[in-house]
Amino acid sequence: DWMPFHREDNIDALRNGRCHFMIDIEGVPVPAPDIRVLKLFDDKLITLSRDGHPLTRRKTADRFATADHIEVNSLPAIEPINRAVAADKLACNVSSRVSSVLVGLLLALNSDALMTLPASLAQILEKQFGLVRVHQPFGPIAFPVRLLWHSSYDRDECHAWVRGELSALAGGIADAV
C-alpha cells in the first residue's frame, strides 16, 4: 500500500536496512538529514478510460468529478485531483478502491470507471490495452519521482552502482514521457 513517505516507519526501514531504496512521488521535504534524495524525473497524472467512454466526448469539471473513479491503493492520485477540483467545490466520486494497478486496469477496461496514474505508467497501458486519455478539467498535476536511501550506503560501491542503474532507467522513462 502507498504510505506518505514522511511516516517514521518508512524512514526507520531505510535506517535499519529493512529497505535499501524507496521511490517517492510526493515531492515533500524529507524530515531526516540522513536520508539521501535523488530526483529521477518529473511526471504528471493522466486519467484513462476504456475506449468509447462518455467522458471522451463531454468534458466538464462536474462530469469528471462525478464519474466513477478507481483509487489504486499504491498510488496517491485522488487526493491531488480533489485539490484541483476543489475550486469548483467538487470532489472525485471514488467508486472502487483496488489493491493494484492490474486490478484497476481490469476494472477500467470493463466499466465506465476512470483510473488516474502517472503518465510514465499510463502511456504503457494506453499502448498495451487500448485505454484512452480523458481530458482533465484542470491544469497538469506534476510531481517529481525521487529515489531515497540511507546515507550509510553513500560509499557502498554496489549500492552506488544500483543507484546509477536506476537513474539511467529513469532517464529513459523521462525521455518517453
Side-chain angles (χ1 to χ4, degrees), residues 1-7 10 22-31 37-148 166 169-177:
D1 286 347
W2 173 82
M3 293 181 287
F5 175 75
H6 62 275
R7 291 197 34 171
N10 291 343
M22 286 191 182
I23 302 294
D24 168 60
I25 59 173
E26 286 186 89
V28 298
V30 177
V37 178
L38 173 66
K39 181 178 171 185
L40 299 173
F41 63 96
D42 288 312
D43 211 336
K44 63 183 177 182
L45 293 177
I46 300 293
T47 301
L48 300 175
S49 71
R50 65 169 176 76
D51 192 21
H53 189 284
L55 271 180
T56 58
R57 293 181 300 276
R58 292 189 186 155
K59 306 167 183 173
T60 67
D62 184 57
R63 287 183 53 83
F64 181 87
T66 58
D68 289 342
H69 287 264
I70 301 165
E71 183 173 25
V72 179
N73 285 343
S74 58
L75 297 170
I78 298 298
E79 183 182 328
I81 291 175
N82 279 338
R83 285 194 303 268
V85 298
D88 294 324
K89 296 183 175 47
L90 297 170
C92 287
N93 172 38
V94 176
S95 61
S96 302
R97 286 181 176 81
V98 297
S99 59
S100 69
V101 172
L102 177 60
V103 175
L105 168 67
L106 294 172
L107 190 54
L109 285 169
N110 293 290
S111 72
D112 277 342
L114 306 175
M115 184 168 60
T116 301
L117 304 164
S120 54
L121 177 57
Q123 75 178 30
I124 295 167
L125 299 181
E126 284 177 290
K127 289 178 188 172
Q128 295 297 316
F129 299 99
L131 292 171
V132 296
R133 292 184 187 207
V134 172
H135 169 76
Q136 297 171 324
F138 43 80
I141 298 174
F143 55 91
V145 176
R146 307 182 305 176
L147 180 67
L148 299 105
L166 291 171
L169 286 170
I173 293 169
D175 291 341
V177 173

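Positions are given from 1, in the same order as the sequence printed here. Everything numeric in this text was worked out from a predicted model, so none of it was measured.
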(request) Side-chain contact test, heavy atoms from C-beta onward, threshold under 4.5 Å: evaluate it for Ile23 versus Leu147 and give yes or no. (result) yes
(message) Please report the interatomic distance OG(Ser120) to CG(Asp42), rounded to the nearest 0.5 Å.
(response) 11.0 Å
(message) Counting C-beta onward and ignoring hydrogens, is there a side-chain heavy-atom pair between Leu114 and His53 closer than 4.5 Å?
(response) yes
(message) Let me confirm one number: the CG-CZ distance from Asp112 to Arg50, rounded to the nearest 0.5 Å.
(response) 4.0 Å
(message) Any non-hydrogen side-chain atom of Val145 less than 4.5 Å from a side-chain atom of Ile173?
(response) no
(request) Would you please test Thr116 and Gln136 for side chain to side chain contact (heavy atoms under 4.5 Å, CB included) and show each step? (result) CA-CA 10 Å; Thr116 301; Gln136 297 171 324; 4.1 Å; yes
(request) Go through the steps to decide whether Arg63 and Leu55 satisfy the test side chain to side chain contact (heavy atoms under 4.5 Å, CB included), and finish with yes or no. (result) CA-CA 7 Å; Arg63 287 183 53 83; Leu55 271 180; 3.7 Å; yes
(request) To the nearest 0.5 angstrom, please state how far the CG atom of Leu90 sits from the CD1 atom of Ile81. (result) 12.5 Å
(request) State, with a plain yes or no, whether a side-chain heavy atom of Asn93 is found less than 4.5 Å away from one of Asp68. (result) yes
(request) May I ask you to test the Leu125-Met115 pair for a side-chain heavy-atom distance under 4.5 Å? (result) yes
(request) Would you confirm whether Asn82, through its side chain, and Ala91, through its main-chain N or O, come within 3.5 Å as a donor-acceptor pair? (result) no
(message) My understanding is that only one of Val30, Leu38, Ile25, Leu40 makes a side-chain contact (heavy atoms from CB on, under 4.5 Å) with Arg146; could you say which?
(response) Val30
(request) Evaluate side chain to side chain contact (heavy atoms under 4.5 Å, CB included) for Leu109 paired with Leu131, printing each intermediate quantity in order. (result) CA-CA 7 Å; Leu109 285 169; Leu131 292 171; 3.5 Å; yes
(message) Within the structure provided, determine whether Phe138 and Asp88 are in side-chain contact (heavy-atom separation under 4.5 Å).
(response) no
(message) I'd like to know if the side chain of Asp43 reaches the main chain of Phe143, judged simply by a donor and an acceptor atom lying under 3.5 Å from each other, with no hydrogens or angles considered.
(response) no
(message) Nearest 0.5 Å, please: how far is CG in Leu48 from CD in Glu126?
(response) 5.5 Å
(message) Do Ile70 and Val103 make a side-chain contact, defined as non-hydrogen atoms from C-beta onward lying under 4.5 Å apart?
(response) no
(message) In the structure I gave you, are the side-chain heavy atoms of Glu79 and Glu71 within less than 4.5 Å of one another anywhere?
(response) no
(message) Working to the nearest 0.5 angstrom, can you tell me the gap between Ser49 OG and His69 NE2?
(response) 11.0 Å
